[in-house]
Amino acid sequence: MSLTIYNTLTRKKEEFIPVESGKVGFYLCGPTVYDYFHIGNARPFIVFDVFRRFLQYRGFEVTYVVNITDVDDKIINKSNQENRAPKEIADEYTKAYLEDLKKLKVKLADVLPKATEHISDMIALIRELLDHGIAYTLNGDVYFSVEKYNGYGKLSGKHIEDLKAGARVEIDERKNNPLDFALWKAAKPGEPFWEAPWGKGRPGWHIECSAMSMKYLGDRFDIHAGGEDLIFPHHENEIAQSCGTGKHAFAKYWLHNGFLKIRGEKMAKSKRNFLTAREILKRYPAEVLRLFFLQKHYRSPINYSEEILDETQVAWHRLQNFYRELNAKKLPEINEIVPDRLSAPAQKFFRFIEQNRSEMAAALEDDFNSAKAIGKLFEIVKEGNRLLNSEEISTDKQVVLNYLKKKLEEFDDFLGLLSREADNSSSENDLEAILEILLEVRNELRENKMWELADKIRNRLTEAGFSIEDRAKQSIIKKNKS
RNA sequence: GGCGGCGUAGCCAAGUGGCUAAGGCGACGGUCUGCAAAACCGUUAUUCAGCGGUUCGAAUCCGCUCGCCGCCUCCA
């Protein structure tokens, strides 16, 4: 089965042919660590991680690199505002970023390079560009000369002339062309800096991704991904820097996710209309957020609202309940299913599962259509529930249900939609809450002099290792240490 | 001004030339149930923003109109 992905560079779906057979080099633009990331930022983190794990499921050996931008204007601004060292800010939010990812059930990338730890790689790349005459220095800054790279604009479909005419391009008279962008910024007093042959300073925003992606994935790698607002200028500039000298081929496929909107507008830090992933995670389980994103195609814009998340949560319960039901049944273990040996109804069910399973995989192989795949998943749930509902479930059917459970888990290894541990163990807090409810009910029984039932509860709890002491006004429960 | 995208049921959302227009939420009716929840069954788009064209055939291709959004500046 071939895999197709939509490549922003060519504006069409293409068959995915890795640079090196069986392997995938995958780079995602990660966060600038100056604040908690918002729910819109979470979209690429979740969606591309699922895509990466799906590729692994498909048998590819994937190297997944997600950078951390820990030197940047925004970090410096915040450091000035709060009178703290930039590094302190970056460290704090790097930690928060990793915590939030974990809560969202996003698997760590194989490499998480920090910009500040790759300055020498960036300097080497800038030097290459200077030597090639495609970049120039200006009072300690280094700029890339867009006019000297004739591929400029090929990713975003923009033309240098149109961009110049655009009223919003800030004109800096010193630059050869207003579109020339900084590879290196000379240090201003009080700013963090590194030594470079052309002076003290820090790297421009775009150069880190070029340097670090090629360092870990090679001159030619497969996938470079990010939000669609990165197409221009960030990714356009990355291509220019990396390909400008003709020495590197850079990324083959460019993937971009659509935005999360809130009240009809793009959710963005600058618009102050954002909700952090942290906040939302307090209200909804990670699985609900994941389902919210995966129920839509990754390239479509989607709207955030509480109503939609509430809806998603109901849908998620449906999925989770089904999985819980499967777990509650003691299903017979079997290594392999031989369809021909199954009874006719069991065989029919088995074939239904297999059909939908392969359709799910096919949907994901078609530009990662997770929305369609999840539709199939719900069809399986419906049919499974129907079977679970029937009066007697034959051993054959139980065998197939167990098979289904395993396959669900297999898919869930990359989708991350099921809560797999919560149902087996309840925490201390849950236990206390339950005991409290039990006592409350029992007290009502006692008030109504329904002693028999009240005694039964007390006896059964004693058997289970809890002793109840009925005092005049209240009951006290104690856990007997064994 | 330049470039790109979107408009499918009450809501969310797949489908991009031809099988009954997926799936979820909601609503209504039913099964089950002491009640509730869950689950199941049935109903809920003769029609895909509007108009025109191409075609034997279009939600799907083309043109126009209307509405919405994004990029062109930091941005996932």
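Computed over heavy atoms, backbone and side chain alike; hydrogens, waters and symmetry mates excluded. Chain identifiers are assigned alphabetically (A, B, ...) following the order of the sequence lines, protein sequences preceding nucleic acid strands; residue numbering begins at 1 within each chain. Values in this document were obtained by computation on a predicted structure and should not be read as measured data.
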Test: A:E236 and A:K158 ion pair at under 4.0 Å: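 Salt bridge: no.
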Residues A:D73 and A:R202 bridged, charged N to O under 4.0 Å: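 A salt bridge links A:D73 with A:R202.
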Compare side-chain N and O positions of [X] against OP1 and OP2 of [N] and report whether any pair is under 4.0 Å apart.
X: A:N389; N: B:rA39; result: no
X: A:S300; N: B:rA14; result: yes
X: A:K271; N: B:rC74; result: no
X: A:R318; N: B:rC40; result: yes

side-chain hydrogen bond (donor to acceptor under 3.5 Å, both in side chains) contacts touching residues 280-290 of chain A (sequence neighbours left out):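 Those involving residues 280-290 of chain A are A:K105-A:E287, A:R283-A:E306, A:Y284-A:D310.
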Spacing of the C1' atoms in B:rG29 and B:rU65 (rounded, Å):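 43 Å, rounded to whole Å.
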Integer angstrom distance from the C1' of B:rA39 to that of B:rU46: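 Taking atom C1' in both B:rA39 and B:rU46, they lie 32 Å apart.
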Opposite nucleotide pairing with B:rU20, Watson-Crick or G-U, both atom distances under 3.5 Å: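 Result: none.
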Euclidean distance, atom CG of residue A:N257 to atom P of B:rG70 [Å, nearest integer]: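 So the CG-P distance, A:N257 to B:rG70, works out to 15 Å.
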Integer-rounded Å distance: B:rC3 P and A:H159 NE2: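 One finds 7 Å between P of B:rC3 and NE2 of A:H159, rounded.
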Distance-only donor-acceptor test, A:K158 side-chain atoms vs B:rC71 base atoms, 3.5 Å: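 Indeed there is one.
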Touch class at under 4.0 angstrom, heavy-atom based, for A:H317 against every strand present: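 No contact.
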Expected output: side-chain A:D366 to main-chain A:A362 donor-acceptor under 3.5 Å: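 Checking the backbone N and O of A:A362 against the side chain of A:D366, no donor-acceptor pair under 3.5 Å is found.
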